[in-house]
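Every number for a ligand or one of its atoms is a count from 1 in the order of the listing. By convention here, the first residue in the shown sequence is residue 1.
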Amino acid sequence: MSAHTKDLRNVVMLGHSGSGKTTLIETMLYEGGAIKRRGSVEGHNTVSDNTDLEHERENTIFSHQMFVNWKNNKINVLDTPGFDDFIGEVVASLKVADTALIVLNAASGVEVGTELVWEYVEKYRTPAIFVINQMDHPKADFDTTLQQAKERFGPRLVPIQYPLNSGGNFNQIVDALRMAMYEFPKDGGKPDKKPIPESEMARANAMHNALVEIAAENEEGLMEKYFEEGNLSEEELAKGITIALAHQQFFPVFVASGLKDMGSGRIMGFIDDIAPSPSDRPNRVMEDGSEVAYDPADKTTIFIYKTTSEPQVGLLSYFKVLSGTVKPGDELVNANNGEVERIAQLFVSEGKDRTPVNQLEAGDLGVTVKLKSGHTNNTLNSRGVNRKVRPMEFPESRVRKAVSAESTADTEKLFAGLNKIKEEDPTLRLEIDSDTHEAILGGQGQLHIDLVKHRLEKEFGVRMQMKNPKVSYRETITGKADADYRHKKQSGGAGQFGEIHMRVENFYEGMDDPTGVNIRQKDIEDLPWGGKLAFYWCIVGGTIDNRYIGAIKKGIMQQMKNGPLTGSPCQNIRVSVYDGKMHSVDSNDISFQLAASGAFRDAFNRSQPQLLEPMYQVEILCPDDATGDVMGDLQTRRAMISGMDTEGHYQKIMAEVPLAEMNDYGSTLRSITGGKAKFTMRFSDYQLVPSNVQQDLVKRHSTESVEV
Ligand SMILES: Nc1nc2c(ncn2[C@@H]2O[C@H](COP(=O)(O)OP(=O)(O)OP(=O)(O)O)[C@@H](O)[C@H]2O)c(=O)[nH]1
Ligand SMILES: [Mg+2]
């Protein structure tokens with residue numbers, strides 16, 4: 001249950017939804033003796049997919065940590081969801097894995113989920129093994145799948161195996177590393193190892209030679225020997241490809257049917273012999289640039305990559321031991337918040353179950369409970385050590401919804417629940433929009449957000465609503481105008497008097513100072529909502545006293561905060577106050593504040609006011625044959641296409657799209673491409689709203705008299 005560092009293998013299972021990851025893991029656990037019976041996803045009894053939500057959907061939603069012993073090693077296996085709504089689980093699991101097992105469905109080839117995980121495998125530089133799975137499927141096509149994968153992921157993808165048959169008859173695999181043929185019994189399990197049929201020798205030899213070359217290229221001395229003798233021993237071959245795999249020079253391809261229990265044993269054997277143990281991986285670089293090796297004799301450091309909670313238990317913190325050996329009773333200091341934590345109990349995870357262990361060495365994965373604040377991305381160290389792991393970065397939200405509760409009591413429950421769920425799910429964002437004052441929940445997709453709502457209602461008993469958020473517009477001007485404004489009030493008591501002459505213009509960086517006026521004071525200020533206000537005080541001869549500058553600015557800012565067009569904040573405006581009048585008795589701060597407000601509004605309305613809207617840079621990856629539909633849909637969203645690129649049999653489309661047009665984009669994209677596309681979006685800037693859209697928005701604001 002616990003193993004030495006060099007005997008550990010940490011494997012993360014990655015792939016498009018439905019490629020068969022969960023089923024393949026179940027088979028691996030069964031073959032390794034970790035379970036006595038194989039469960040199935042549809043039977044709701046697999047070790048991995050073990051939550052009610054997963055049973056309901058028959059998909060993996062959360063990552064799960066399990067292990068299986070194979071020969072001398074302990075293989076920790078992390079299952080991940082294939083739906084990109086749950087990409088956060090993939091990011092976190094990859095962070096602690098030393099090898100990725102990328103599962104391809106032989107009946108559907110490279111899918112968008114494969115593309116997605118490949119991006120992260122490359123980013124993290126994780127050694128990766130491909131499995132062409134579901135070879136028993138009636139539509140399984142090994143050659144096409146392999147060809148697509150090679151086209152997309154490059155020549156470093158080299159098959160170790162190929163099947164001799166497929167579909168319902170699938171039961172034979174030729175292995176070009178072992179130079180043997182595996183023949184499986186009808187119900188799978190342990191295969192017979194047989195000689196490769198004569199008719200297959202040419203193909204098997206060619207594949208074997210390709211592997212020998214990879215080995216020779218990656219280990220000094222082997223190349224010479226290879227040239228001299230024309231072959232390498234089995235150990236030399238293993239040594240060479242171990243290095244090639246560890247350095248991402250080589251991505252081996254295996255063949256399997258997880259469902260039929262064919263091929264998983266050989267994959268585990270390869271993980272055992274060839275895949276890197278944590279100590280074979282490069283040292284981990286900490287936030288401050290220092291390095292940590294997976295040394296069980298060093299001081300202890302653990303990194304929490306995931307947390308969950310359980311009703312009777314509370315917080316569960318899943319971690320990887322980065323250094324030293326952790327034991328129950330250890331006191332560790334959280335480098336992120338200074339909290340001293342006692343590791344009261346130490347477990348290894350077996351899906352839903354946990355088994356207590358006495359220690360875990362560097363490189364191993366485990367779980368502990370009831371830490372005071374052991375959250376995702378936290379590093380815990382022995383006293384006197386101050387290592388901190390660079391935090392994982394999670395992708396930007398792709399769906400945003402305004403959330404509100406149905407009563408005050410529900411509001412409290414809503415935010416308590418959201419904060420709790422957010423702790424477990426770092427891809428979830430919650431913010432209060434400072435313009436619209438709405439609580440905005442950001443997630444990775446409609447399904448992601450729907451599940452959060454489901455949990456809030458079911459687990460936290462919240463009655464709530466979710467709707468598309470209001471868009472925060474900005475206002476500016478494109479021309480210039482002057483306005484004279486007098487504020488005067490003389491109804492009993494003290495009067496009010498202030499008169500201001502001002503000019504407003506569109507402001508831009510590097511603009512020349514105004515001419516024809518005497519500049520006495522100049523302030524260029526950043527506005528809290530973005531953009532600038534350039535304020536020029538050009539009063540001569542004391543027509544307005546300097547002491548009113550503050551009040552005048554306040555009056556301008558009041559208008560700028562609630563712009564004249566739609567009540568949205570104004571930005572990038574230059575105001576020059578160049579004349580006015582004051583009254584020796586009636587003038588005061590409030591008079592000038594109101595005069596400035598009125599003057600600004602008048603001048604603003606006459607200087608070609610313009611609404612600005614937030615634009616997002618959207619990047620879409622879709623199969624060639626869906627490009628027309630995706631582009632057609634983008635056109636209805638006022639998108640500006642900024643570039644296109646080819647990636648294998650996928651097209652990458654880059655576009656600038658107004659946020660107002662991005663509502664429910666993920667669902668639309670999914671339906672027009674049959675789930676074969678993915679997208680990302682990030683804020684780019686504010687741009688002018690087309691005049692017809694502006695007219696509608698202004699009209700809506702004036703008739704409804706609400707903020708748009
Ligand atoms: N024919 C065939 N079907 C398979 C095989 N492996 C899995 N399946 C089926 O494919 C479906 C999806 O399998 P899963 O194991 O849940 O796939 P997954 O990759 O874990 O999917 P996500 O959790 O959604 O990412 C199930 O109905 C399985 O029974 C296989 O080797 N052959
Ligand atoms: Mg799954």
Side-chain angles (χ1 to χ4, degrees), residues 11-31 35 38-51 53-66 77-91 93-94 100-117 120 130-142 145 161 163 165-171 173 184 186-189 254-267 351-352 444-445 447-448 451 670 675-676 678:
V11 178
V12 62
M13 199 67 85
L14 304 174
H16 191 83
S17 179
S19 53
K21 300 177 290 297
T22 302
T23 308
L24 185 59
I25 291 178
E26 191 75 3
T27 302
M28 288 164 70
L29 298 182
Y30 174 73
E31 284 299 319
I35 51 175
R38 272 200 306 152
S40 73
V41 173
E42 283 78 12
H44 305 167
N45 56 353
T46 50
V47 176
S48 173
D49 292 3
N50 54 47
T51 63
L53 273 177
E54 289 170 317
H55 292 162
E56 235 168 78
R57 294 199 47 89
E58 298 181 353
N59 285 113
T60 308
I61 292 173
F62 309 104
S63 64
H64 299 282
Q65 183 184 309
M66 293 140 291
V77 188
L78 297 162
D79 192 12
T80 64
F83 267 127
D84 63 351
D85 283 53
F86 311 113
I87 186 68
E89 304 285 319
V90 170
V91 172
S93 303
L94 245 176
L101 215 63
I102 302 179
V103 183
L104 293 167
N105 181 344
S108 33
V110 172
E111 299 175 87
V112 69
T114 332
E115 298 270 350
L116 185 66
V117 298
Y120 284 97
F130 283 79
V131 180
I132 298 185
N133 188 34
Q134 306 212 14
M135 275 314 303
D136 64 294
H137 193 286
K139 289 194 182 144
D141 183 342
F142 174 82
T145 304
Q161 302 181 323
N165 43 18
S166 65
N169 298 324
F170 170 66
N171 72 336
I173 299 174
F184 294 88
K186 203 168 129 291
D187 296 325
F254 283 84
V255 174
S257 162
L259 191 68
K260 288 283 180 82
D261 187 8
M262 296 180 189
S264 68
R266 175 71 181 108
I267 297 169
K352 204 180 181 65
Q444 287 300 310
L447 177 60
H448 186 203
L451 284 175
R670 183 161 288 169
K676 291 192 175 129
K678 71 182 182 92

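- Put simply, the side chain of Leu447 reaches to within 4.5 Å of the side chain of Arg57, judged on heavy atoms.
- Of the protein's heavy atoms, Gly20 N, 3.2 Å lies nearest to atom 17 (O) of ligand 1.
- When the options Val90, Thr22, Thr46 are ranked by their closest heavy atom to atom 20 (O) of ligand 1, first place goes to Thr22.
- Residues Arg266 and Gln161 have side chains in contact (heavy-atom distance under 4.5 Å, counting atoms from C-beta outward).
- Considering only non-hydrogen protein atoms, atom 29 (O) of ligand 1 sits nearest to Glu42 OE1, 3.6 Å.
- Heavy-atom distances between Ser257 and ligand 1 reach below 4.0 Å in at least one pair.
- Nearest protein neighbour of atom 18 (P) of ligand 1, counting heavy atoms only, is Lys21 N, 3.5 Å.
- The nearest N, O or S atom of Thr60 is closer to the Mg ion (ligand 2) than 2.8 Å.
- Atoms of ligand 1 lying under 4.0 Å from any heavy atom of Gly82, numbered from 1 in the order shown and given with element: 22 (P), 25 (O).
- The Mg ion (ligand 2) has an N, O or S atom of Thr22 under 2.8 Å away, backbone or side chain.
- In Val103, neither the side chain nor the backbone holds a heavy atom less than 4.0 Å from any atom of ligand 1.
- Closest to atom 7 (C) of ligand 1 among all protein heavy atoms lies Thr23 OG1, 3.5 Å.
- Between atom CG of residue Asp79 and atom CG of residue Leu101 there is a gap of 11.0 Å, rounded to the nearest 0.5 Å.
- Checked by distance only, ligand 1 and Glu58 stay at 3.5 Å or farther apart across all their nitrogen or oxygen atoms.
- Distance check: Leu24 CG to Asn133 CG gives 5.5 Å after rounding to the nearest 0.5 Å.
- A heavy-atom distance below 4.5 Å is found between the side chains of Ile102 and Thr114.
- No side-chain donor-acceptor contact under 3.5 Å links Glu56 and His44.
- Counting the atoms of ligand 1 from 1 in the order shown, those under 4.0 Å from a heavy atom of Thr60 are 20 (O), 22 (P), 23 (O), 24 (O).
- The shortest contact between atom 16 (O) of ligand 1 and any protein heavy atom is with Val41 CG2, 3.2 Å.
- Thr22 and Thr60 form a side-chain donor-acceptor contact under 3.5 Å, judged by distance and modelled atom types alone.
- The closest protein non-hydrogen atom to atom 1 (N) of ligand 1 is Asp136 OD2, 2.9 Å.
- Within the 4.5 Å cutoff, the side chain of Asp261 has no heavy atoms near those of the Asp187 side chain.
- Contact check for Ile87 versus Tyr120: side-chain heavy atoms found under the 4.5 Å cut-off.
- Of the N or O atoms in Pro81, none lie within a sub-3.5 Å distance of an N or O in ligand 1.
- Looking only at side-chain heavy atoms (C-beta outward), Ile173 and Phe184 come within less than 4.5 Å of each other.
- Nearest protein neighbour of atom 21 (O) of ligand 1, counting heavy atoms only, is Gly18 N, 2.9 Å.
- For a threshold of 3.5 Å applied to N or O pairs, the pair formed by Phe83 and ligand 1 contains no separation below that value.
- Of the inter-residue distances, the one linking Asp84 atom CG with Arg670 atom CZ reads 6.0 Å to the nearest 0.5 angstrom.
- Nearest non-hydrogen protein atom to atom 3 (N) of ligand 1 is Gln134 OE1, 3.4 Å.
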